[in-house]
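Down below is the structure, laid out as structure tokens.
Every chain is numbered from 1, with letters handed out A, B, ... down the list of sequences. Note that these values count all heavy atoms, side chains included, but never hydrogens, waters or copies made by symmetry.
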Amino acid sequence: MNIVVLVKQVPAVSEIEIAQDNNLVRVGAPSMLNPVDKHAIEAAIAVKDAVGGTVTLITMGTAQAAEVMRDGIAVGADKGVLVSDERMAGSDTLATGLILAKAIEKIGDVDLVFTGKRSTDGDTGQIPPAVAQYLNISLVSYADSISVEGSTITATRANHGGIETVQAQLPAVVSVTDKSNTPRSPKIRGKMAAKKAVFDVWRIEDLGLDAASVGKSGSATKVTEMFAPEPNPVGIMVEGNTPADLAANLVKDLTAKNLL
Amino acid sequence: MELKNNISVYIEVAGSALSTLSIELLGKARQLADKKGEQVVAYIVGADTSKAAEEAISYGADAVVAVEDPVLEGYDSALYTKAIAALVEKYAPSVILIGGSPNGRDLGGRLSAKLKVGLVADCIDVLHEGDDDTLTWIRPAFTGKLLVKIQTTTRPQLGTVSDKIFHGVPANPSRKGDVIKEKVDFSGDAPTVKVTNFEAVENAAESLSIESAEIVVGAGRGVQNEEGMKAVEAFAQRIGAAFGVSKPLVDNEWAPHDLQIGITGKKIAPKIYIAMGISGAIQHKLGVQDAELIIAVNKDPDAPIFEFAHYGIVGDLFEVMPELEKQIAKIKG
Ligand SMILES: Cc1cc2nc3c(=O)[nH]c(=O)nc-3n(C[C@H](O)[C@H](O)[C@H](O)COP(=O)(O)OP(=O)(O)OC[C@H]3O[C@@H](n4cnc5c(N)ncnc54)[C@H](O)[C@@H]3O)c2cc1C
Ligand SMILES: Cc1cc2nc3c(=O)[nH]c(=O)nc-3n(C[C@H](O)[C@H](O)[C@H](O)COP(=O)(O)OP(=O)(O)OC[C@H]3O[C@@H](n4cnc5c(N)ncnc54)[C@H](O)[C@@H]3O)c2cc1C
């Protein structure tokens, strides 16, 4: 089985400071592997353990982002590819999805692509469906459990106020939740391999992409403003002469302000 | 009717009825369209869409465009995306609102990639800031510490919207609207994803925890006795809230320490905290100050809780509680 895991480097959340002008202060903030991506890695290694195959990690980001792939090598991933190019900076999910899909295509004949359900920074959850669409393959998202048999993957996921069991034909993109498994800890040998691992670096030419379809020019969203939410004002005394009036006035005000 | 350049809503069907989230989106779309003098068009995809189409009109759609095909019986995001993409080509909507449910998010992400258009994920608000059709979407960033405004530079403008943010309008079965059925060629297509089993999860209202519930009702010494406390607890359960208490109620052994809110109990951060007969001592305040909205009911107008509650009601909690329940039931429909 030819398996890819998409892993992302994210800032360690508690370290994000918000400056007075609402700009993010990220400089020097330590980074880490997007936490749920550990479960994507575990899912891949578990499939490899069961049926054999290769696990390739892919991350798109700065040179430093490659470090998060060492966590995957340490627990048994075979190799890692860093997709990195300054022209990719500012990519939204449309562009990021395209870039990652091209990288998966370059690896070729991939049966399974595991991803985390969301990142902790962009937090859109749109990369898994975007990648599935670009590759034109099945998608199983928010998987809480996974098993693979032959060319079928079976997963459970929360949906419509219940738990559904879904079966998908491979090849497929599968995004996993933190319930999907318990990530294993690295052993000494894995840690050594992780330390020594050298990663291929692919730029946009390697992916057969042109500069216009990535980065800001390949994106179709723009952030126009960042601001801190205004706290609700305190000390509003609800008016009314009877309990019924009081309750009605309160609910009316809350509904008008979209607070209920 | 001119169906181009309108505000469209992707309708998600649960069972054979509209999902609550779809109803909420129709309500918002109605608002946006009315301001601009535009139409609301509902897009429905499935094996049998008639009932949902009727419902969508009663909840505010001016027209429904439906794609019906046996291959759409179950949800396969690839095929649903193909169906909606065909509608986009024909009707060129200005915007498509999509519910931020698991299936809706999948559809949104795929649609964005298929049409090569931008998508704003999990929005909590959307508005026209200028005179043209450009929408500004607002979404939380960095676990809600900040909000961002995002616009898409392509058409249709796609956005997914989380649930329980907008309000649907009440159903009006006498509303009229066209239902148009569009054919999409699915020959050679078969779903590659199938739902093979579904188990409904029991509504776990009884086991709501004060640490994770969106609404928490707190009872204080104003409840007078254990029976009074039970009345507040029952109120909490009926409105779908978790139930907690102030320290004296635990000291009296009316409630377990697990339910105590405050500095020596649990610190909570629900969307709404309703304090019933709680004076607002500092030790209690420190446990609830992270709530987004605090509502206090207390018969003493000088109770300290009114200094940090967002909304205060001066009155007897036993008289206010049932009225509040009625009002909440009304908006819940
Ligand atoms: C505050 C904020 C808001 C944003 N809002 C939007 C928006 O509304 N619309 C939009 O189009 N873009 C948005 N972006 C940009 C978007 O976050 C980036 O395009 C990002 O590269 C990918 O999206 P994500 O982090 O949301 O990934 P998600 O879809 O949340 O990530 C899911 C999984 O995909 C994989 N993955 C994601 N990124 C990578 C990567 N770089 N390398 C390898 N694997 C990866 C991982 O397995 C991850 O667990 C926003 C960014 C920020 C900072
Ligand atoms: C070290 C320490 C730790 C503590 N930790 C906590 C803690 O974790 N959590 C906590 O809650 N407290 C804690 N306390 C106790 C705290 O100081 C207060 O004594 C306590 O919060 C008061 O509880 P109360 O508001 O329910 O009661 P009271 O202060 O007696 O207030 C009752 C209120 O009910 C109102 N009332 C009465 N009848 C009605 C009616 N019919 N309708 C409407 N209103 C009515 C009254 O006007 C009054 O304001 C701690 C104290 C200490 C010293």
Side-chain angles (χ1 to χ4, degrees), chain A residues 13 16 18 22 24 92-94 97-98 121 123-130 132-134 136 138-142 157-169 219-229 232-238 243-244 246-248 250-251 253 255 259-260, chain B residues 14 77-78 81 101-103 105-106 108-110 112-114 116-122 136 141-154 167 192-201 292-293 295 306-316 319-320 323-324 326-328 331:
Chain A
V13 178
I16 296 175
I18 294 152
N22 283 335
L24 296 181
D92 68 359
T93 60
L94 190 64
L98 176 67
D121 58 349
D123 195 13
T124 65
Q126 297 300 343
I127 294 301
Q133 184 64 30
Y134 283 121
N136 206 7
S138 326
L139 167 67
V140 176
S141 62
Y142 310 100
R157 70 199 285 258
N159 195 19
H160 293 317
I163 312 247
E164 57 182 33
T165 307
V166 204
Q167 273 185 356
Q169 235 55 61
S219 295
T221 54
K222 60 168 200 258
V223 173
T224 59
E225 198 184 324
M226 232 188 229
F227 58 103
N232 295 316
V234 296
I236 302 174
M237 297 308 291
V238 180
L246 287 162
L250 170 69
V251 171
D253 207 47
T255 324
L259 292 171
L260 263 189
Chain B
S77 56
T81 299
S101 62
N103 288 354
R105 283 195 220 112
D106 290 355
R110 287 196 93 123
S112 157
K114 180 160 176 92
K116 306 267 182 311
V117 300
L119 177 150
V120 189
D122 293 304
T136 300
F142 304 104
T143 51
K145 281 186 200 156
L146 284 181
L147 297 173
V148 276
K149 284 188 177 177
I150 300 181
Q151 297 176 345
T152 71
T153 53
T154 40
H167 299 284
T192 58
V193 180
K194 282 192 190 115
V195 174
T196 55
N197 186 39
F198 179 77
E199 260 170 64
V201 174
E292 277 172 44
L293 187 78
I295 299 167
F306 290 134
E307 283 158 29
F308 62 88
H310 302 94
Y311 284 89
I313 288 186
V314 179
D316 185 319
E319 289 172 11
V320 175
E323 297 299 334
L324 209 49
K326 273 187 222 160
Q327 293 294 331
I328 292 172
I331 59 159

Report the C-alpha separation of Gln327(B) and Thr255(A) in whole Å, then their side-chain angles, then the decisive distance to 0.1 Å, and conclude whether the side chain to side chain contact (heavy atoms under 4.5 Å, CB included) test is met. CA-CA 11 Å; Gln327(B) 293 294 331; Thr255(A) 324; over 6 Å; no
Give the minimum heavy-atom separation between Pro102(B) and Ala158(A), together with the two atoms involved. CG-O, 3.6 Å
Strictly distance-based, threshold 3.5 Å: is any side-chain N or O of Asn232(A) a donor or acceptor partner for the main-chain N or O of Glu292(B)? yes
Go through the atoms of Leu119(B) and report whether side chain, backbone, both or neither lie under 4.5 Å from a heavy atom of chain A. both
Choice from Val223(A), Leu260(A), Val166(A), Ile163(A) maximising heavy atom contacts with chain B below 4.5 Å: Ile163(A)
Quick one: list whatever passes salt bridge (charged side-chain N to carboxylate O under 4.0 Å, His left out) with Lys149(B), sequence neighbours left out. Glu225(A), Glu129(B)
Interface check, chain A: of Thr152(B), Thr192(B), Val195(B), most non-hydrogen pairs under 4.5 Å belong to Thr192(B)
If you round to the nearest 0.5 Å, how far is CG of Leu94(A) from OG1 of Thr154(B)? 7.5 Å
Okay, Asp122(B) and chain A: the region with an atom under 4.5 Å from a heavy atom over there is side chain
Could you pull out the closest heavy-atom pair between Ala130(A) and Ala113(B), with the gap in Å? O-CB, 3.8 Å
Within-4.5 Å side-chain heavy-atom neighbours: Leu324(B) and Leu250(A): yes
Most chain A-contacting option - heavy-atom pairs closer than 4.5 Å, from Ala121(B), Gly312(B), Gly118(B): Gly312(B)
Cut-off 4.5 Å, heavy atoms of chain A, and the answer for Val117(B) is backbone
For Glu199(B), is it the side chain, the backbone, both or neither that has a heavy atom under 4.5 Å from a heavy atom of chain A? both
Flag the pair Ser141(A) / Arg105(B) as yes when at least one side-chain heavy-atom distance between them is below 4.5 Å, and no otherwise. no
Heavy atoms only, distances under 4.5 angstrom: which of Lys326(B), Glu319(B), Lys114(B), Gln151(B) has the most pairs with chain A? Name it, please. Gln151(B)
Treating Gln126(A) as the side-chain partner and Gly109(B) as the backbone partner, does any N or O pair qualify as donor plus acceptor under 3.5 Å? yes
Cut-off 4.5 Å, heavy atoms of chain A, and the answer for Ser77(B) is side chain
Bottom line for Thr81(B): the part with an atom under 4.5 Å from chain A's heavy atoms is side chain
I'd like to verify something: which residue of Val320(B), Val314(B), Leu293(B), Val120(B) has the highest number of heavy-atom pairs under 4.5 Å with chain A? Leu293(B)
Which atoms of Lys116(B) are under 4.5 Å from chain A, going by heavy atoms: the side chain, the backbone, both sets, or neither? both
Which heavy atom of Ala14(B) sits nearest to which heavy atom of His160(A), and what is that distance? CB-ND1, 3.9 Å
Toward chain A, the part of Tyr311(B) with a non-hydrogen atom under 4.5 Å: both
Give, as side chain, backbone, both or neither, the part of Asp316(B) having an atom under 4.5 angstrom from any heavy atom of chain A. neither
If you count heavy-atom pairs within less than 4.5 Å of chain B, which of Thr224(A), Val251(A), Leu98(A), Leu246(A) leads? Thr224(A)
Between His310(B) and Pro233(A) the two heavy atoms that sit nearest each other are CD2-O, 3.3 Å
In Å, rounded to the nearest 0.5 Å, how long is the span from CG of Asn197(B) to CD of Glu164(A)? 9.5 Å
